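The structure appears below as C-alpha cells.
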Amino acid sequence: MLAHDVARLLDEMGTLLELRGENPFRCRAYHTAADAVRGVGGDLHDLIASGKLDEVPGIGETIQAKVIQLVTTGRIDALEELRERMPPGLVALLRVPGLGPKKIKVLHETLAITSLADLRRAAESGAIAGLKGFGAKTQQKILDGLDFVESAGDRILQSTALRLVAPVVEAVRAAPGVERVEVCGSLRRRVETIGDLDVLFAAVDPAPVLDRFVALPEVAGVLAHGPTKASVRLAGGVQCDLRGVTPDQFPFALHYFTGSKAHNIVMRRRAIARDLRLNEYALEGPDGPVPCRSEAELFEALGLHFIPPELREDQGEFELAERGPIPPLIERGDLKGTFHCHTDWSDGGNTLLEMAEAARGRGLAYLGIADHSRSAGYANGLSIDRVRRQWDEIDALNEAFGRAFRLFKGIECDILPDGSLDYPDEVLEGFDYVVASVHSSFGQAREVMTDRIVRAARHPLVTMLGHPSGRLLLRRDAYAVDLDAVIDAAAEAGTMIEINANPHRLDLDAAHARRARDRGGLLVINPDAHSTGGLDDLEFGIGVARRAGLRPGHVLNSASLSDVTRRLRTCRGDD
DNA sequence: GCCGTTTTCGGCCCGACTGTTTTCAGTCG
C-alpha cells in the first residue's frame with residue numbers, strides 16, 4: 001500500500017476524532033503521523049518488513065499497530081467504527097470557512113445537521129443565529145461560506161497564482177511607508193499548486209497600507225481586516241492574506257509566513273531547546289531579543305545553515321543544514337539549453353527559426369526540437385518522410401547559426417500500448433535524441449502500464465522519458481503506474497527522466513525527482529513548449545528541481561553545448 | 001497519541017481576528 005493512501009486514512013481518522021470532540025493532542029497525533037508517513041513515501045510494505053516503521057518520529061506504538069493492520073488487511077477497525085458512528089457528510093462541513101470541529105459538533109448535536117444541504121437549510125431558516133455561541137453574523141458567514149464551497153475549486157496553478165499576486169505586490173510596494181514586500185507561503189516554497197496567496201510587507205505603520213489593500217479593485221470581498229493583517233477574496237475566489245510588520249520584525253515574519261507549518265514547528269522546538277522562544281516577530285532569549293537581520297541569521301541563531309524556501313518541508317532539510325552549508329540548488333541561470341519543444345511541424349505555434357531565436361534571446365546555447373511522432377494524429381505527428389524534411393531544415397539552420405547556437409534533432413516519440421516505439425530503429429537512429437512519452441491507452445492496468453514504460457526506458461535508442469506520470473494538475477490524475485519501478489529501470493539503463501516544466505504538468509514531481517537523483521539517474525528540465533512563450537515555463541521546472549534538492553550536476557541541460565553534444569552521442573552508443 | 005540533555009508524566013507552536021461575549025472561545029494560518 002502506498003504511503004500517500006495510508007496518510008490519507010490517518011488524516012481522516014484525526015479529523016473524525018476532532019469532530020467527536022476528542023483530546024486535540026490525540027487528534028493532532030494522527031495528522032502528525034500522516035505527515036510522517038507522507039515524508040517516508042513509497043510503498044509501506046518494505047518499511048514494515050524491515051521493522052523500520054517504529055523508527056519514524058511521530059509514529060508510536062498505537063498508530064504503528066493501526067498502520068500495520070491497514071497495510072496487511074486493508075482496513076483499520078478503529079476507523080471503520082468511527083465512520084459508522086459519524087454521519088459521512090459531517091467531514092464536508094469542515095470545508096466551510098469559519099466552521100471548525102467545535103462548531104460543527106454543536107450544529108450536529110443541537111440541529112441534527114449532517115450535510116452541507118442541512119447546513120444551508122438551517123442557516124436560511126434562521127435557526128443557527130439563535131444557538132449559544134452563534135449569532136446573526138456567524139449565520140451569514142456560513143451562508144457566504146457555502147456559496148464559496150459550492151462555487152470555487154480548491155487550488156490554483158502556480159502560474160495562475162503568480163498572475164494574481166503580481167498586481168497586489170505592485171500596489172503594496174507603491175504604498176507610502178512600505179520598505180519591503182515579499183510573497184510568502186506555498187508560492188515562495190514553489191509548491192505545485194497553491195491554496196491561497198500570502199504577501200508580507202515591512203512598514204513602520206502597517207495599518208494604512210492594509211486600508212489601501214482592502215480597497216484594491218482586485219478585491220471582491222473582505223474576510224478580515226485588522227491593524228496588522230487583512231484577508232480578502234480576490235475576484236475569481238482566491239484568498240489573499242496580507243500581513244504587515246515593522247522592518248525589525250521582517251526577517252522573522254518572512255520565515256514564519258513562508259512555512260511550511262511542519263518546518264516552523266521544528267524551528268520553534270529548536271528554539272525552545274536553546275532556551276529561546278521563536279514567533280513571527282522575534283527570537284527571544286532570557287536576556288532579551290536575539291536580533292536577526294535576515295533569515296540566514298535566524299537559521300544561524302538556531303545552529304543551522306541557510307535553508308532555501310523550497311526545502312522547508314521538514315523532509316530532511318534540518319539534518320542537511322546541521323551538517324554544513326547546503327550546496328547551491330540549481331537556478332534558471334544554470335540552464336544552457338533545453339529539450340522537448342514543439343514547432344508548427346506538429347502542434348506548436350511557431351516555426352523552427354522562431355523557436356531558435358526565442359531560445360537564444362533567453363540566453364540558451366542550444367534547443368532540442370521534439371515534435372510529435374507519427375501516431376499522434378491529433379497533434380499532426382510527423383510521418384517518416386516529414387521527419388527527414390525537418391532534419392534538412394534543421395541542418396540548414398544550424399549551418400546559418402555557426403557556433404553561436406545549435407538546434408538538436410529530437411522527437412517526442414509515442415510509447416505505443418505494448419511498450420514499443422512509434423518508428424523503426426533505423427529512423428530513431430537518425431535523431432540526436434529521443435523523448436519517449438505515453439499519449440494513448442491511459443486506462444491500462446498498473447502492471448501493464450509500468451511494463452510498457454519500463455520497456456521504453458530500456459530501449460537503447462531512448463534518451464529520456466517525457467512526462468512520466470501523465471498527470472495534468474487539477475484536471476487529470478496520473479495514470480496507474482509504479483513510478484518507483486520506472487525510475488529504477490531508467491537509472492539502471494542510463495535513460496534520463498524529464499521534469500516537464502509546463503505548469504499544468506510538473507511531471508516528474510519533486511519527490512520522485514529526488515528518488516531519481518538518489519538512484520543515480522540524470523534529470524532533464526524541459527518546458528514542453530508549444531510556442532516561444534512556453535520557454536519561460538522552464539522556471540517552473542527549476543522550482544520542482546529545487547524542491548527535489550537538485551544541483552546543476554543532476555540536470556543534463558545545465559551542461560554546456562559541447563558537453564551535451566558528447567553526452568547525447570554517448571547515450572546513442574556512437575562513441 | 002507521542003515523546004524525553006528539565007521529563008516515563010505532563011506537557012504538546014502561537015498570535016491575529018472575529019463574533020459573541022462582558023473576559024473569551026473558536027478558527028485560521
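Since the model is a prediction, treat every value here as computed from it, not as a measurement. By convention in this document, chain letters (A, B, ...) are assigned in the order of the sequence lines, proteins followed by strands, and residues within each chain are numbered from 1.
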Using a cut-off of 4.0 Å between protein heavy atoms and nucleotide atoms, how would you tag nucleotides 1-9 of chain B 5' to 3' with B, S and -?
BSS------
Take atom C1' in B/dC13 and the same atom in B/dG19, then report the distance between them in whole Å.
24 Å
Considering only atom P, compute the distance from B/dC9 to B/dC14 and round it to an integer number of Å.
24 Å
How would you label the glycosidic angle of B/dT20: syn (within 90° of 0) or anti?
anti
Distance between the C1' atoms of B/dT6 and B/dG11, in whole angstroms?
11 Å
Between C1' of B/dC14 and CZ of A/Arg243, the distance in whole Å:
11 Å
Between atom CD1 in A/Ile265 and atom P in B/dG15, what is the gap in whole Å?
14 Å
Tell me the partner of B/dT8, counting only Watson-Crick (N1-N3 plus N6-O4 or O6-N4) or G-U wobble (N1-O2 and O6-N3) with both under 3.5 Å; none if nothing fits.
none
My understanding is that only residues two or more places apart in sequence, or in another chain, count here; which of them pass side-chain hydrogen bond (donor to acceptor under 3.5 Å, both in side chains) with A/Arg75?
A/Asp77
So, is A/Asn279 close to the B/dC14 phosphate, meaning a side-chain N or O under 4.0 Å from OP1 or OP2?
no
How would you summarise protein contacts on nucleotides 19-29 of chain B per nucleotide, using B for base, S for sugar-phosphate only and - for none, with heavy-atom distances below 4.0 Å?
SSS----SSSB
Within a radius of less than 6.0 Å around NE2 of A/His305, do more than 12 heavy atoms belonging to other residues, nucleotides or ligands occur?
yes
Verify the contact: side-chain N or O of A/Arg277 to OP1 or OP2 of B/dC13, cut-off strictly under 4.0 Å; return yes or no.
no
Look at A/Arg189 together with A/Glu313 and state whether they make a salt bridge at an N to O cut-off of under 4.0 Å.
yes
When rounded to the nearest Å, what value does the distance between C1' atoms of B/dT7 and B/dC12 take?
13 Å
